[in-house]
Amino acid sequence: MMNTRVIDLPHHVGHQLTVRGWVTHFRSSGKIHFIVVRDGTGVVQCVYKHDQVQEPLATETAVTINGEVRKDVRSPLGVEIAVRHLEIIGESPDYPITPKEHGTDFLMAHRHLWVRSPRQSAILRIRAAIIRRARGFLDEHGFTVADPPIITPAAAEGSTTLFGIDYFGEPAFLSQSGQLYMEALAMALGKVYSFGPTFRAEKSKTRRHLTEFWMLEPEMAFVEFEESLRWQEQLLESIVSGALEDCAPDLLVLGRDLSPLERVKAPFPRITYDEALARLATLNLPVEWGEDLGAPHETALAEQFDRPVFVTHYPTALKAFYMQPDPHRPEVVLAADLLAPEGYGEIVGGSQRIHDPELLQQRLQQHRLPDVVYSWYLDLRRYGSVPHSGFGMGLERVVAWVAGLEHVRETTPFARTLNRVWP
RNA sequence: UCCUCGAUAGCUCAAUGGUAGAGCACCCGGCUGUUAACCGGGUGGUUGUAGGUUCGAGUCCUACUCGAGGAGCCA
């Protein structure tokens, strides 16, 4: 006898078949019992009459159920199963997560079980769809996936705090960005991207931060700043429309308002840092030229637009050493942050990279970064250097935005935050 | 690192300085169409830790621990 996925049951009305899964609810009114079973694809109610079940089935009991699929207008799925035979595969006494409310700490401590809930499963499917669409878009547009090392000898930008490890007695670090390596790979393969975990040891405690998160980092040879922005907005448009196509039921489970997502079409608006300051001044959030924008500023700016907005041409002094100064205005760089609507903040950061060897060396010195460590990086400018650009997209922030979540910790199966490395 | 808030039953939360309670979970019983099913009964407590004030502290004070939200920094 074949096992059938719950999601496919509506195609099998009138048939006798078997589903395997876990009991999410058990209700009984004496002689008739209702067993709600989840199998990872969907949820179906199974009706069991008379005294075929002697005792209640505990939440999350693993079962095999054989019976007839019947049409029923009372079922959200449209069908239910009239049980002929039920077998308990694994018992589940005292399942800790109840249908009532739980606090964040309790749920995160039981994350290994929490992922079974409909809401968490929906989020993980949306994450999967976003990954699939992002990779699909890049694969179809001539990018080659080429992943940089995770164990690295030094910081990419020298700014953020790294997790140190003992590499056979030598100090090494977990990567906080693969970008410098991606530049090397772009000179080999043209358009490349990496997709993998990234680590930041900063003591950030907000709904937008994880210490371990996944980043998509495309890097493109012969691509200048403007073209890079076009790649970014097309990628995001593709991701969001893909999620709407692939995950409509999951977004419904989450209660996501779809109208802001349906508006995510390229081109995205662009404002310069200077224009951002002018807008912020009218909002009573004044920022001195040369100061960085804080989270409240980003939220206020993003609220003025109905789709993601690029903020470009930041002061050179605020940004990383490798970013290309604007040739017409060297006090600003050809860099952009992409701010998501609805207060989700920066989801992409990118720039054109310096390709001139002298300028790069000079910038390294200004940032007091040792030439020795960056010698291989300088080689990229020594041998056939070309203009090139790239960007990094924070997967969890994009998932949180698309799914409409309060916190990024729900966007990854086992979130690593400042105060949690378990389970 | 800084600011704010919090910690009481397995979970979510109540409790004027005066006998620690409810809902859910769990156990027992009832119910032939339930949908976070419902109805009746029951089990369950070193009130985060250590000190202090008081006749008396879950409640007030001090320190610490842990957690949450935010800032900074970043994706």
Side-chain angles (χ1 to χ4, degrees), chain A residues 24-36 43-53 55-56 58-60 70 72-77 80 82 92-110 113-114 117-118 155-157 159-162 176-179 195 197-217 232 291-299 318-320 337-340 343-350 391-401 406-409 411-412 417-420:
Chain A
T24 67
H25 295 88
F26 179 88
R27 293 183 287 268
S28 174
S29 53
K31 296 289 194 303
I32 182 165
H33 316 288
F34 302 94
I35 308 163
V36 182
V43 170
V44 65
Q45 175 164 280
C46 307
V47 185
Y48 213 176
K49 287 193 173 165
H50 305 296
D51 51 359
Q52 291 161 309
V53 177
E55 54 191 46
T59 304
E60 290 303 317
R70 290 190 313 209
D72 194 302
V73 289
R74 289 165 293 195
S75 161
L77 189 65
E80 57 184 26
S92 175
D94 298 321
Y95 187 69
I97 299 179
T98 71
K100 294 283 177 176
E101 294 167 12
H102 296 287
T104 302
D105 189 42
F106 177 82
L107 289 170
M108 288 306 288
H110 293 82
L113 302 176
W114 190 25
S117 75
E157 307 178 24
S159 56
T160 49
T161 318
L162 301 169
Q176 52 115 18
S177 166
Q179 189 217 302
F195 179 61
T198 298
F199 306 88
R200 303 274 166 93
E202 283 162 354
K203 298 198 171 181
S204 299
K205 258 179 78 171
T206 80
R207 69 186 70 193
R208 301 181 306 281
H209 287 90
L210 299 171
T211 54
E212 175 182 327
F213 63 97
W214 283 61
M215 192 150 64
L216 184 74
E217 292 185 278
Q232 292 173 45
E291 281 179 18
D292 211 347
L293 306 181
H297 304 111
E298 290 184 351
T299 301
L318 287 179
K319 291 294 186 177
D337 288 348
L338 182 62
L339 308 181
Y344 285 95
E346 184 184 347
I347 51 173
V348 179
F391 57 93
M393 184 190 89
L395 176 70
E396 285 78 9
R397 286 188 184 175
V398 172
V399 176
W401 165 51
E406 284 295 309
H407 202 298
V408 290
R409 69 180 154 228
T411 65
T412 190
T417 58
L418 181 56
N419 292 311
R420 184 172 294 286

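Since the model is a prediction, treat every value here as computed from it, not as a measurement. Numbered from 1 within each chain, the chains take letters A, B, ... in sequence-line order. We use all heavy atoms of the structure for the numbers below, so side chains are in, but hydrogens, waters and symmetry mates are not.
Counting heavy atoms from C-beta on, the side chains of A:R200 and A:F213 come closer than 4.5 Å. Counting heavy atoms from C-beta on, the side chains of A:R409 and A:T104 come closer than 4.5 Å.
Within the nucleic acid shown, A:R420 has no heavy atom closer than 4.0 Å to any nucleic acid atom. At a threshold of 4.0 angstrom between heavy atoms, the contacts of A:G103 are confined to the sugar-phosphate backbone, with no base atom among them. Residue A:H209 is classed as a base contact, given a heavy-atom separation below 4.0 Å to a base. A:V348 comes within 4.0 angstrom of the backbone, heavy atoms only, and of no base. Nucleic acid contact class of A:L210 (heavy atoms, under 4.0 Å, all strands): base. Among the atoms of the strands shown, base atoms are found under 4.0 Å from some heavy atom of A:Q45. Looking at heavy-atom distances under 4.0 Å, A:S75 makes no contact with the nucleic acid at all. Counting any heavy atom pair closer than 4.0 Å across all strands shown, A:A295 reaches sugar-phosphate atoms only and no base atom.
Across all strands shown, B:C64 forms a Watson-Crick or G-U wobble pair with B:G48, both key distances being under 3.5 Å. For B:U34, there is no paired nucleotide, since no Watson-Crick or G-U wobble pair has both relevant distances below 3.5 Å. B:A71 is paired with B:U1 under the Watson-Crick or G-U wobble criterion, all donor-acceptor distances under 3.5 Å. Both distances falling under 3.5 Å, in either a Watson-Crick or a G-U wobble arrangement, occur for no nucleotide opposite B:U53. Within the shown strands, nothing qualifies as a pairing partner of B:A9 under the Watson-Crick or G-U definition with both distances less than 3.5 Å.
Not a single donor-acceptor contact under 3.5 angstrom links the side-chain atoms of A:H102 to the base of B:C11. Between the side chain of A:K205 and the base of B:A68 there is at least one donor-acceptor pair of N/O atoms closer than 3.5 Å. Residue-to-nucleotide contacts include a donor-acceptor pair under 3.5 Å from the side chain of A:S204 to the base of B:C73. Scanning atom types as modelled, one donor and one acceptor separated by under 3.5 angstrom connect the side chain of A:E80 and the base of B:G33. The base of B:C74 lies close enough to the side chain of A:R397 for a donor and an acceptor atom to sit less than 3.5 Å apart.
Comparing B:A75, B:A71, B:G33 by their closest approach to the side chain of A:P296 singles out B:A71. Nearest to the side-chain atoms of A:R74 among the listed nucleotides B:U34, B:A36, B:C74 stands B:U34. Ranking B:G10, B:U32, B:C74 by closeness to the A:T98 side chain, first place goes to B:G10. Between B:A68, B:U32, B:C73, one nucleotide has an atom nearer to the side chain of A:E202 than all others, and that is B:C73. With B:A75, B:G33, B:G10 as the choices, the nucleotide that has an atom nearest any side-chain atom of A:F106 turns out to be B:G10. Candidate nucleotides B:C26, B:G33, B:C73 were compared by shortest atom distance to the side chain of A:D72, and B:G33 ranks first. Of the candidates B:G33, B:C74, B:G72, the closest approach to any side-chain atom of A:T206 belongs to B:G72.
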List the steps and the verdict of side chain to side chain contact (heavy atoms under 4.5 Å, CB included) for A:E396 and A:H407. CA-CA 9 Å; A:E396 285 78 9; A:H407 202 298; over 6 Å; no
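Taking only side-chain nitrogens and oxygens, A:K49 never comes nearer than 4.0 Å to OP1 or OP2 of B:U32. Checking the phosphate oxygens (OP1, OP2) of B:G69, a side-chain nitrogen or oxygen of A:R409 falls inside 4.0 Å. Between A:H407 and B:A68 there is no side-chain polar atom (N or O) within less than 4.0 angstrom of OP1 or OP2. Between A:R27 and B:C39, a side-chain N or O to OP1/OP2 separation shorter than 4.0 Å is absent. The phosphate of B:C66 (OP1 or OP2) has no side-chain N or O of A:N419 nearer than 4.0 angstrom.
A straight line from CZ of A:F26 to C1' of B:C26 spans 15 Å, rounded to a whole angstrom. Summarising the geometry, the separation between CD on A:E346 and C1' on B:C74 is reported as 7 Å, rounded to the nearest angstrom. Between the CD1 atom of A:I35 and the C1' atom of B:G33 there is a distance of 14 Å, given to the nearest Å.
B:C11 sits 16 Å from B:G67 when the P atoms are compared, rounded to a whole Å. Taking atom C1' in both B:U19 and B:U47, the straight-line distance is 16 Å, to the nearest Å. The same atom, P, is picked in B:U46 and in B:G56; the two are 23 Å apart, to the nearest Å. For the C1' atom pair drawn from B:G21 and B:U4, the interatomic distance equals 30 Å after rounding to whole Å. Nucleotides B:G42 and B:A22 place their C1' atoms 16 Å apart, quoted to the nearest Å.
The one candidate from A:L339, A:V399, A:L338 that meets the side-chain contact (heavy atoms from CB on, under 4.5 Å) condition with A:I347 is A:L338.
Across every non-hydrogen atom of A:T59 and A:S92, the tightest pair is O-OG, 2.7 Å.
Between A:R70 and A:D72 there is no salt bridge, since none of the side-chain N atoms of the basic residue sits less than 4.0 Å from a carboxylate O of the acidic one.
Using cut-offs of 30° and 60° for the angle between ring planes, the A:F106 and A:H110 rings count as tilted. Using a 30° and 60° split on the angle between ring planes, A:W214 and A:F195 fall in the tilted class, from 30° to 60°.
Projected onto RNA chain B by closest heavy-atom contact, A:I347 and A:S29 fall at different nucleotides, the more 5' of which corresponds to A:S29. Heavy-atom distances to RNA chain B give each of A:R70 and A:L293 a nearest nucleotide, and the one nearer the 5′ end belongs to A:R70.
Ring-base stacking between A:F213 and B:A75 is satisfied, the centre separation being under 5.5 Å and the plane angle under 30°.
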